[in-house]
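Taking it in order: structure first as C-alpha cells, then the write-up.
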Amino acid sequence: MIADPSLRGAQGLFLLFKQGHRPDRNAIRDFAACKANASISHDPLEQTALHLASSDGESVEKSNGVLNADTLTKHVWMELLRDGMSFELSGLAPGEGLLLPRADFVFDFSAPPEPSDFEVLRLAPGHHLAGGERALPVAKGLLGLACDLVDHFAELEGVLWPPSSSAIGHQFFESVVTAWFEGGPFPALGLTAFRETTDGALQTEGLSFWIDQELRIEPPLSLDKVSATRIGVRLVNQLVLVGGIDTSERVVAPDGTRLVLRTSRNGQFVRVWRE
C-alpha cells in the first residue's frame with residue numbers, strides 16, 4: 001500500500017486502523033448493534049451465496065461469511081444510516097484495501113502517517129447526498145458517524161480530513177468534534193489548518209469547504225505565528241458561524257486591539273490587518 005497524493009478534493013474522510021486490524025462486515029454489524037443512532041441500511045454482499053462442493057460431491061451453500069476469490073480483489077463496502085442520512089463505508093476486510101492518502105498537516109500525530117503503519121477505510125456521503133456533501137447537516141452527520149467509529153474501535157488511530165489535508169489523532173478528533181457538537185468552538189485546528197505563504201501571510205487550508213473562503217492574516221500581524229494562529233482560530237470560528245463575509249468588518253483581537261477583516265477582490269479570501 002502506497003501513499004496517495006490526491007487527498008485534497010476527495011469526498012468524505014479516511015479512517016486509519018492499525019495494520020492487521022481493518023474491520024470486516026461482521027465487525028461493522030457489531031458496531032451498528034451498539035449504537036442507537038446508527039444502523040446498516042445496505043450490505044451489497046448480504047444476499048451473496050457461495051456454493052462449495054463437499055467431499056461427497058454434494059453442493060453446500062454458505063452465505064454471509066465466506067467470500068469468493070473474485071470478491072477479495074474488490075473493495076468491500078456497506079452503507080450506514082445516521083440521522084436519516086446514508087454514508088458508505090468502503091475498504092472493509094477481507095477485500096482489497098485502500099491507498100493511504102498523503103497528509104500535509106498533522107494534529108495529535110508525531111509525524112505524517114506512513115502506509116506501512118496503517119490500513120485505510122473511507123467514509124463518504126451516500127449517492128443520494130451527491131452534490132450536498134458540503135451542507136452543514138451532511139458534514140456533521142459524516143463527522144458524527146466518524147466519531148462513533150472512533151469511539152467503538154480501539155484500533156482506529158485517527159482520521160484523514162481531505163479539505164485541510166490533515167491527519168488527526170483519534171483522541172483529539174473525537175474531543176474537538178464532540179465539543180463543537182455540544183456548542184463549543186468550531187475545530188479550526190484539524191478541520192482547517194494554517195500555513196505560511198511565500199509573502200509571510202498566515203493562511204488557512206480547508207476553510208473554503210465550510211464557507212467558500214479562506215482566511216488570510218497579513219503581515220505584519222502574521223509575523224508572530226503563535227499569536228497569529230490564536231487570532232486565526234478565533235476568526236475561523238466566527239466565520240463559520242456567520243457563513244463568511246462579503247464586506248469589511250472590525251473585530252477585537254484577544255489582546256484587545258482592533259482588527260479589520262476585508263474580502264479580497266475575487267471574494268475567495270478574508271484578509272485581516274491590525275487597524
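Everything numeric here is computed off the predicted structure, so don't read it as measured data. Each residue takes its place number in the sequence, starting with 1.
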Check: Under the ring pair (Phe, Tyr, Trp, His ring centres under 6.0 Å) test, which residues partner Phe186, sequence neighbours left out?
Finding: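 If we apply the ring pair (Phe, Tyr, Trp, His ring centres under 6.0 Å) test to Phe186, skipping adjacent residues, the hits are Trp180, Trp210.
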
Examine distances only and state if a side-chain atom of [X] and a backbone atom of [Y] form a donor-acceptor pair shorter than 3.5 Å.
X: Arg122; Y: Gly12; answer: no
X: Glu119; Y: Phe17; answer: no
X: Glu46; Y: Pro44; answer: no
X: Thr257; Y: Asp255; answer: no
X: Thr197; Y: Ala201; answer: yes
X: Glu79; Y: Gly126; answer: no
X: Ser165; Y: Ala103; answer: no
X: Thr192; Y: Gly206; answer: no
X: Ser264; Y: Phe269; answer: yes
X: His75; Y: Ser90; answer: no

Check: What's the spacing between Leu261 CG and Glu249 CD if we round to 0.5 Å?
Finding: 6.5 Å

Which atom pair, heavy atoms only, marks the closest approach of [X] to [Y]?
X: Ala146; Y: Leu123; result: N-CD2, 3.9 Å
X: Leu202; Y: Glu196; result: CD1-N, 4.3 Å
X: Ala27; Y: Phe153; result: O-CZ, 3.8 Å

Checklist line | Neighbour count >12 (heavy atoms, 6.0 Å) for atom NE2, His128 | finding: yes

Margin query: Does Gln171, at its CD atom, have more than 12 non-hydrogen atoms belonging to other residues, nucleotides or ligands within less than 6.0 Å?
Written below: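 Atom CD in Gln171 is not packed in, count stays at 12 or less.
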
Checklist line | Derivation and outcome, side-chain contact (heavy atoms from CB on, under 4.5 Å), residues Trp77 and His42 | finding: CA-CA 9 Å; Trp77 64 279; His42 180 57; 3.6 Å; yes

Looking at [Y] and [X], is there a salt bridge between them, counting it only when a charged N and a carboxylate O are closer than 4.0 Å?
X: Asp43; Y: Arg29; value: yes
X: Lys35; Y: Asp151; value: yes
X: Asp83; Y: Lys140; value: no
X: Glu275; Y: Arg250; value: yes

Check: Relative to each other, are the rings of Phe107 and Phe172 parallel, tilted or perpendicular (30° and 60° limits)?
Finding: parallel

Got a list of side-chain donor-acceptor pairs under 3.5 Å for residues 217-226, not counting sequence neighbours?
unit_1: Glu218; atom_1: OE1; unit_2: Arg216; atom_2: NE; d: 3.2
unit_1: Glu218; atom_1: OE1; unit_2: Arg216; atom_2: NH2; d: 3.4
unit_1: Glu218; atom_1: OE2; unit_2: Arg216; atom_2: NE; d: 2.6
unit_1: Glu218; atom_1: OE2; unit_2: Arg271; atom_2: NE; d: 2.7
unit_1: Glu218; atom_1: OE2; unit_2: Arg271; atom_2: NH2; d: 3.3
unit_1: Ser222; atom_1: OG; unit_2: Gly200; atom_2: O; d: 2.6
unit_1: Asp224; atom_1: OD1; unit_2: Val226; atom_2: N; d: 3.3
unit_1: Asp224; atom_1: OD1; unit_2: Ser227; atom_2: N; d: 3.2
unit_1: Lys225; atom_1: NZ; unit_2: Ser222; atom_2: O; d: 2.8

Check: Can you list the residues that meet the side-chain contact (heavy atoms from CB on, under 4.5 Å) rule with Arg265, with sequence neighbours excluded?
Finding: none

Next item on the list: Give the cluster check for Val260 versus Val270: same hydrophobic cluster or not, with ILVMFWY residues linked at side-chain heavy-atom distances below 4.5 Å.
Entry: no

